[in-house]
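In what follows, a structure is listed as structure tokens, so that the remarks can point back to it.
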Amino acid sequence: MESGDGRRGHVVVEKLCAFVAEGAHRGMVLEAQKKAPKGLELGTATTRVGRWLKGAPFKVLVPDFVPASYRLFLQMHGSLTWLAPDTDAPEGAFSLQNTGAWTLVDLPDANGCIDLHELAGEEASEHLWVFHDGYSDSFAFDARVKNERGDALVIRFEDHHLMQPFEERELETLGTFDDWLAARVDHFIALLQDRAPRPKVKQLVEVPADITVPVERAHDEKAFHLALMRGLQQVAAGDLPGARATAKKLLSMSGSLYALSLALDASEDPEERRRLGWQMLASCRAGTSRLHADYLKLYRQRSATVLAELALSQPTLVSMDDAKLLIVEARAVRVGKDEQTAMTGAWDTVAVAKRLESK
């Protein structure tokens with residue numbers, strides 16, 4: 001069997017479906033599902049649900065230069081969407097078309113909307129076909145990058161390439177489509193193979209009686225956004241006093257999680273961090289915020305982690321027993337990488353958990 005004849009892609013799909021079906025915490029393949037998963041916004045990807053149950057072949061409209069293996073894959077499968085586990089998504093997961101659903105493989109049909117392909121303009125119609133679009137994880141075929149058989153090879157493709165002449169691009173070549181698909185699926189299978197689902201929260205630490213939970217209030221969204229951006233810039237520049245003043249202004253405008261997060265970023269006082277951490281955690285638990293569910297999980301993870309970490313340096317503020325329950329809560333709700341930056345600050349849930357385990 002030739003490596004590029006497309007049948008390898010079908011074998012990889014069968015392997016993936018068997019893996020997902022054999023254990024928990026392995027995500028799901030949308031095309032093999034009878035119904036869309038509850039609680040997820042899938043956007044235009046909703047049309048992929050159950051596609052394989054309706055049978056092939058599928059219509060394929062792609063440029064002539066794309067390799068036969070990719071064309072045959074689309075004819076046989078139409079698309080492939082491997083959603084990540086709903087908690088604890090592995091490194092490399094990204095939001096499916098900015099919907100908030102975390103995905104590991106996103107191969108849309110030939111008419112799928114891919115931003116980078118649209119941005120490429122004339123170059124796309126002549127030379128480029130971006131077939132997998134994720135945050136800093138996009139892949140394309142380029143008619144100018146071929147193997148000895150004349151098949152266009154997979155390259156890693158990023159938006160900055162569009163600013164450079166082709167001759168100046170430092171392109172990473174990743175082999176044929178079948179090679180790329182097998183390597184990507186095998187990579188995530190290896191990450192998820194021995195993982196157990198994150199522990200469910202059996203007991204929540206009660207919010208201390210001295211904590212007042214802020215209530216979100218209507219506010220001037222433009223003024224709030226501008227102040228928030230200024231506060232984040234102040235934190236990045238090390239101007240924590242300025243950031244604290246900005247956070248205080250934001251909290252006076254609205255008791256939103258964005259304002260609490262900035263205040264926590266800027267705070268250096270342990271007692272204040274305790275108060276802000278509990279306020280954020282309580283607000284997330286209440287679920288009254290208008291933020292997307294994934295953001296609520298992210299802020300909940302962060303606040304629980306911050307409080308648990310306080311126990312390591314300030315045990316009079318947070319007890320060790322409470323810290324161990326808080327870190328279970330943080331690990332149960334986390335949706336992505338352990339280290340987050342920018343809007344959510346920097347922290348590492350797993351590192352704190354390991355330090356607590358040694359106590």
task = Run the salt-bridge test on Glu309 and Arg355 with the 4.0 Å N-O cut-off and return the result as yes or no.
result = yes
message = Is there a side-chain contact between Val29 and Thr81 in this structure, where contact means two heavy atoms from C-beta onward sitting under 4.5 Å apart?
response = no
request  = Using a strict 4.0 Å threshold on nitrogen-to-oxygen distance, state whether Asp220 and Lys222 make a salt bridge.
outcome  = no
inquiry  = Check whether Phe19 forms a cation-pi arrangement with Arg26 (NZ or CZ under 6.0 Å from the six-membered ring centre, at most 45° off the ring normal).
reply    = yes
inquiry  = Taking His77's backbone N and O only, do any of them form a donor-acceptor pair with Trp52's side chain (distance below 3.5 Å, no angle check)?
reply    = yes
inquiry  = Quick check against the 3.5 Å criterion: does Gln234 have a side-chain atom that pairs as donor or acceptor with the backbone of Thr246?
reply    = no
key: Derivation of the side-chain contact (heavy atoms from CB on, under 4.5 Å) call for Leu262 and Leu232   = CA-CA 7 Å; Leu262 178 63; Leu232 292 171; 4.2 Å; yes
message = Same cluster or not: Val213 versus Leu250, using hydrophobic residues (I, L, V, M, F, W, Y) connected whenever any side-chain heavy atoms lie under 4.5 Å apart?
response = no
request  = Decide whether Arg244 and Ser267 meet the rule of one side-chain donor and one side-chain acceptor closer than 3.5 Å.
outcome  = no
Same cluster (ILVMFWY, side-chain, under 4.5 Å), Leu257 and Leu226 = no
Exercise: do Ser79 and Arg51 side chains pair donor with acceptor under 3.5 Å = yes
query = Between the main-chain N or O of Tyr299 and the side-chain N or O of Ser303, is there a donor-acceptor pair closer than 3.5 Å?
reply = yes
ask   = With a 3.5 Å cut-off and no angle check, do the side chains of Glu221 and His225 form a donor-acceptor pair?
value = no
request  = For side-chain hydrogen bond (donor to acceptor under 3.5 Å, both in side chains), just list the numbers for Ser261 and Arg302, CA-CA rounded to whole Å, side-chain angles, deciding distance to a tenth of an Å, and then say yes or no.
outcome  = CA-CA 9 Å; Ser261 181; Arg302 183 195 180 194; 2.9 Å; yes
key: Arg71 side chain to Pro63 backbone, donor-acceptor under 3.5 Å   = yes
key: Minimum side-chain heavy-atom gap Ile211-Gln279 below 4.5 Å   = yes
query = Should we say atom CD of Glu206 is surrounded by more than 12 heavy atoms from elsewhere, each under 6.0 Å from it?
reply = no
query = Hey, are Arg48 and Asp106 close enough for a salt bridge, meaning a charged N less than 4.0 Å from a carboxylate O?
reply = yes
query = Got a donor-acceptor contact below 3.5 angstrom from the Arg184 side chain to the Leu104 backbone?
reply = yes
key: Partner of Phe141 under ring-ring contact (aromatic ring centres under 6.0 Å, His included), chosen from Trp180, Tyr70, Trp129   = Tyr70
request  = Evaluate the side-chain contact (heavy atoms from CB on, under 4.5 Å) criterion for residues Val105 and Thr103: first the C-alpha distance (whole Å), next the side-chain angles of each, then the deciding distance (0.1 Å), finally the verdict.
outcome  = CA-CA 6 Å; Val105 176; Thr103 188; 5.6 Å; no
query = Passes salt bridge (charged side-chain N to carboxylate O under 4.0 Å, His left out), Arg275 versus Asp210? Steps please.
reply = CA-CA 9 Å; Arg275 175 178 59 80; Asp210 63 312; over 6 Å; no
message = I'd like to check Leu80 versus Leu181 (side-chain heavy atoms, cut-off strictly below 4.5 Å). Are they in contact?
response = yes
task = Say whether, by atom type as modelled, one donor and one acceptor occur between the side chain of Ser252 and the main chain of Lys249 under 3.5 angstrom.
result = yes
